[in-house]
There are 2 protein chains.
Amino acid sequence: MTLTSPSTARSTYAEIAESAGVSKATVSRVLNGDDRVHPDRIASVIEAAEKLGYRPNRAARALSTGRTGLVAVVIDDEPTALSDPFWGVVLAGISRVFLANDLHSLLMVTPLGSPEGAIAHYLEGGEVDGAIFLQVHKDEVINKVHADGLPVVLIGRPIDENSEIPFVDTDNIGGGLQATKYLFDRGCSKVATLTGDLDASAGADRLSGYKKAHEDAGRELDLDLIARANWTFESAKIMTLRLLAKHPDIDGIFAANDIMAIGAIAAIQERGRRVPDDIAVVGFDDSLLSQTHRPGITTVRQDIIGLGAAAAETMIALLQSRTPEIEVLSTEIMIRETA
Amino acid sequence: MTLTSPSTARSTYAEIAESAGVSKATVSRVLNGDDRVHPDRIASVIEAAEKLGYRPNRAARALSTGRTGLVAVVIDDEPTALSDPFWGVVLAGISRVFLANDLHSLLMVTPLGSPEGAIAHYLEGGEVDGAIFLQVHKDEVINKVHADGLPVVLIGRPIDENSEIPFVDTDNIGGGLQATKYLFDRGCSKVATLTGDLDASAGADRLSGYKKAHEDAGRELDLDLIARANWTFESAKIMTLRLLAKHPDIDGIFAANDIMAIGAIAAIQERGRRVPDDIAVVGFDDSLLSQTHRPGITTVRQDIIGLGAAAAETMIALLQSRTPEIEVLSTEIMIRETA
DNA sequence: ACAAATAACGAAATCGGTTTCACGGCTAAT
DNA sequence: ATTAGCCGTGAAACCGATTTCGTTATTTGT
């Protein structure tokens with residue numbers, strides 16, 4: 001199997017050294033910002049480098065330093081995960097920050113189920129300097145990688161409370177609080193919630209926010225108003241129908257994502273009730289759905305680009321041996337028509 | 001700035017060579033499948049390599065061969081592009097194929113507007129073996145990279161008809177044909193269409209399919225039924241209201257994507273007409289929206305994972321100096337409730 | 001004014017593979 | 001029985017940047 005390679009001419013340290021009349025060592029010092037070089041030489045080296053249009057050879061540097069400048073971005077390869085527009089935006093956030101820091105993101109879409117397949121490639125392979133994990137349920141893989149000393153950052157709070165792995169996350173508790181409080185402020189007296197998967201921290205946290213809003217407002221929490229759904233339209237619709245049957249006086253619903261909000265609305269309308277007049281509905285995500293749906297869905301917006309950027313920043317901190325701060329990004333409520 | 005690196009111990013050719021009692025050169029030959037080595041030695045080298053848990057060092061190989069094993073996947077960094085779930089799935093398709101071929105995708109989300117910024121990084125940098133472009137409008141950048149000899153693959157047919165750059169695409173013409181023909185077969189006598197941006201090949205092609213369906217059916221094409229929208233909910237809704245005002249007898253609409261189908265439905269319902277009883281609507285994309293929307297949207301499904309995979313295969317062909325076949329993937333109609 | 005410390009810089013080794021080249025041992029051709 | 005040719009193999013050069021180590025030149029300290 002013969003492979004072609006691009007034909008672009010590249011210049012090297014050797015050429016710069018010759019052109020500037022110094023040694024390769026000095027070129028390296030100048031180009032890496034080592035200040036123990038005479039100013040005159042610094043100038044001539046930089047001039048020579050620019051004249052020759054020098055571009056560093058990543059492979060050579062990687063071989064020499066042991067660092068590749070690459071960070072793996074790992075997404076669990078399951079059909080549902082990939083079609084979520086969320087990840088694309090996260091990737092953009094990561095990519096922007098990395099590009100500005102001379103790092104690159106190696107995208108790995110891989111089934112995390114099998115510990116061997118995925119891990120072998122980057123950890124034992126040592127092909128990357130670190131790894132950012134998206135869409136996490138399989139802790140084993142991540143813990144193994146982390147234990148092996150590879151810098152790891154998670155997007156989304158890990159379920160395991162005493163995990164030491166740094167992460168970035170949206171303030172889902174704050175978001176749930178915001179949504180529920182908004183419904184209270186709007187005059188709702190009986191607010192139910194449709195939860196997501198409670199094994200995912202996002203699901204659990206949004207519910208915590210809902211609970212906290214009751215606490216803050218001094219309202220009693222009725223566990224019967226907490227309907228466990230699983231992020232999907234169907235589950236939300238079914239649970240809402242059930243809620244309405246048992247509690248006809250519900251006048252507000254906080255759904256833990258926009259799709260479920262739409263499911264809830266479908267159920268409400270099916271029962272001949274009006275949104276928001278009879279029952280107000282708040283979603284979560286500020287997705288395209290929430291914007292295009294009629295009526296427009298009032299929802300909690302999270303800064304997804306910022307989430308990716310924060311993950312990248314955290315990774316950079318790790319690579320520089322700084323202890324990163326755990327970043328939790330705040331949310332914003334987008335008021336549309338359903339509440 | 002001090003950087004840490006993973007601590008994992010790695011074995012090298014030198015160690016394998018010593019363990020197997022041969023030279024590094026022979027190790028290289030065996031591990032690269034050069035058959036001019038005595039079978040006995042092949043066996044002992046392989047055994048030694050396995051015993052030592054050998055993993056190749058990508059940087060060293062890249063330095064030596066000039067090939068990095070990395071392919072850039074470039075997405076134009078504009079807010080709308082990123083939130084389209086389409087790209088995430090394409091990326092998955094690419095990633096799967098690459099992973100199986102010992103290649104990696106370097107994700108670059110970057111504004112293609114400025115020719116300098118993005119290009120400098122991979123072409124002049126020579127950091128990648130090739131580039132796959134998504135979401136293309138800026139041909140200049142791509143042409144420059146291509147002209148410089150870097151293998152390039154496009155996802156989506158380039159607007160420039162006589163471009164020589166290999167691409168993969170969904171059969172948008174076929175899809176438009178399929179959708180329109182389905183409406184005809186269903187008994188619609190007056191079918192309008194909402195186009196996307198006609199400067200994008202997907203928009204133009206889906207319209208061509210609509211036209212071709214008329215031709216095939218021997219029906220006269222009424223240009224007045226072609227409403228130029230721009231992929232968005234709002235534009236579709238406005239254009240549909242206009243269509244309905246001028247042509248109250250329209251009984252079918254082919255929207256070039258699902259969001260516009262939803263916009264059309266909103267307009268139709270606002271005018272007190274029913275879907276699909278009065279007017280049938282077909283969308284395009286089989287997006288999550290089309291599945292969760294009520295009524296469920298009949299739509300044209302494209303094989304997005306397959307599109308990514310095809311792009312990856314095409315890139316691999318280029319890297320091996322084979323002339324790739326232009327791949328155009330067929331579509332499938334998903335029948336739901338709106339038609 | 002002289003030993004000791006410091007600054008500036010180059011030669012050479014190094015990272016881990018790949019590849020060229022030369023050499024000894026055989027086989028085939030003359 | 002020579003000569004030419006092919007095999008299998010290892011020594012060494014090479015890819016391009018980094019880094020150690022040592023040398024010379026210049027300060028600093030007393």
Side-chain angles (χ1 to χ4, degrees), chain A residues 1-3 5-45 48-49 52-69 102 124-127 129, chain B residues 1-3 5-45 48-49 52-69 102 124-127 129:
Chain A
M1 137 167 147
T2 325
L3 298 183
S5 54
S7 60
T8 322
R10 311 269 312 280
S11 59
T12 69
Y13 271 20
E15 298 171 34
I16 297 174
E18 187 179 9
S19 169
V22 299
S23 70
K24 288 199 306 174
T26 298
V27 174
S28 175
R29 290 186 187 108
V30 171
L31 266 37
N32 288 306
D34 190 325
D35 51 356
R36 300 171 305 176
V37 178
H38 192 89
D40 291 354
R41 297 190 186 240
I42 293 184
S44 67
V45 166
L52 295 170
Y54 174 74
R55 295 276 138 187
N57 180 315
R58 233 189 174 75
R61 177 171 302 176
L63 179 57
S64 186
T65 62
R67 279 174 290 105
T68 59
D102 199 31
E124 303 174 19
E127 298 184 8
D129 296 344
Chain B
M1 134 168 151
T2 324
L3 298 183
S5 53
S7 58
T8 321
R10 312 266 314 278
S11 59
T12 70
Y13 271 20
E15 299 171 35
I16 297 175
E18 187 179 10
S19 169
V22 299
S23 71
K24 286 201 308 174
T26 297
V27 174
S28 176
R29 290 187 185 106
V30 172
L31 265 37
N32 288 306
D34 189 326
D35 50 356
R36 300 172 306 175
V37 178
H38 191 90
D40 291 354
R41 294 189 189 239
I42 293 184
S44 67
V45 167
L52 294 169
Y54 174 75
R55 295 276 137 188
N57 179 316
R58 230 189 177 76
R61 177 171 303 178
L63 179 58
S64 184
T65 62
R67 280 174 290 105
T68 60
D102 199 31
E124 304 176 19
E127 299 183 7
D129 296 343

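So you know, we letter chains A, B, ... as the sequences are listed, proteins then strands, and number each from 1.
Rounded to whole Å, atom C1' of dG16(D) lies 13 Å from atom CG of L31(A). Distance, E18(B) CD to dG10(D) C1': 15 Å, rounded to whole Å. Between the CZ atom of R67(B) and the C1' atom of dG16(D) there is a distance of 17 Å, rounded to whole Å.
For D129(B) (side chain) and R67(B) (main-chain N/O), no donor-acceptor pair under 3.5 Å exists by modelled atom type. Between the side chain of S64(B) and the backbone N or O of A60(B), no donor-acceptor pair lies under 3.5 Å.
No option in L31(B), V37(B), I42(B) other than V37(B) meets the side chain to side chain contact (heavy atoms under 4.5 Å, CB included) test with T26(B).
The shortest non-hydrogen separation linking L63(A) to A59(B) is N-CB, 3.7 Å. Contact between A62(B) and T68(B) at its shortest, heavy atoms only, is CB-CA, 3.9 Å. Shown here for L52(B) and S19(B), the closest heavy-atom pair between the two residues is CD1-CB, 4.3 Å.
By the side-chain hydrogen bond (donor to acceptor under 3.5 Å, both in side chains) test, N32(B) pairs with S28(B), sequence neighbours left out. Every residue meeting the side chain to side chain contact (heavy atoms under 4.5 Å, CB included) condition with A20(A), not counting sequence neighbours, appears here in chain and number order: V22(A), S44(A), V45(A), A48(A).
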Report each atom pair, protein N/O against N/O of nucleotides 24-28 of chain C, whose distance is under 3.5 angstrom.
none

TODO: Please lay out, stage by stage, how N57(B) and T12(B) fare under the test side chain to side chain contact (heavy atoms under 4.5 Å, CB included).
DONE: CA-CA 8 Å; N57(B) 179 316; T12(B) 70; over 6 Å; no
TODO: Test side chain to side chain contact (heavy atoms under 4.5 Å, CB included) on R58(A) and D102(A) and set out the steps.
DONE: CA-CA 10 Å; R58(A) 233 189 174 75; D102(A) 199 31; 3.5 Å; yes
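Listed by first and then second residue, the salt bridge (charged side-chain N to carboxylate O under 4.0 Å, His left out) pairs involving residues 11-34 of chain A are D34(A)-R36(A) (not counting sequence neighbours).
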TODO: Take nucleotides 7-15 of chain C nucleotide by nucleotide from the 5' end and write B, S or -, depending on whether a protein heavy atom sits under 4.0 Å from the base, only from the sugar-phosphate, or from neither.
DONE: -SBBB---B
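Rounded to 10 degrees, the angle separating the terminal helix axes of the helix from dA1(C)-dT30(D) to dT30(C)-dA1(D), each built from five base pairs, is 40°.
Contact between the side-chain N/O atoms of R61(A) and the OP1/OP2 oxygens of dG16(D) is not found at any separation under 4.0 Å. At dG16(C), none of the side-chain N or O atoms of Y54(B) fall inside 4.0 Å of OP1 or OP2 (strictly under the cut-off).
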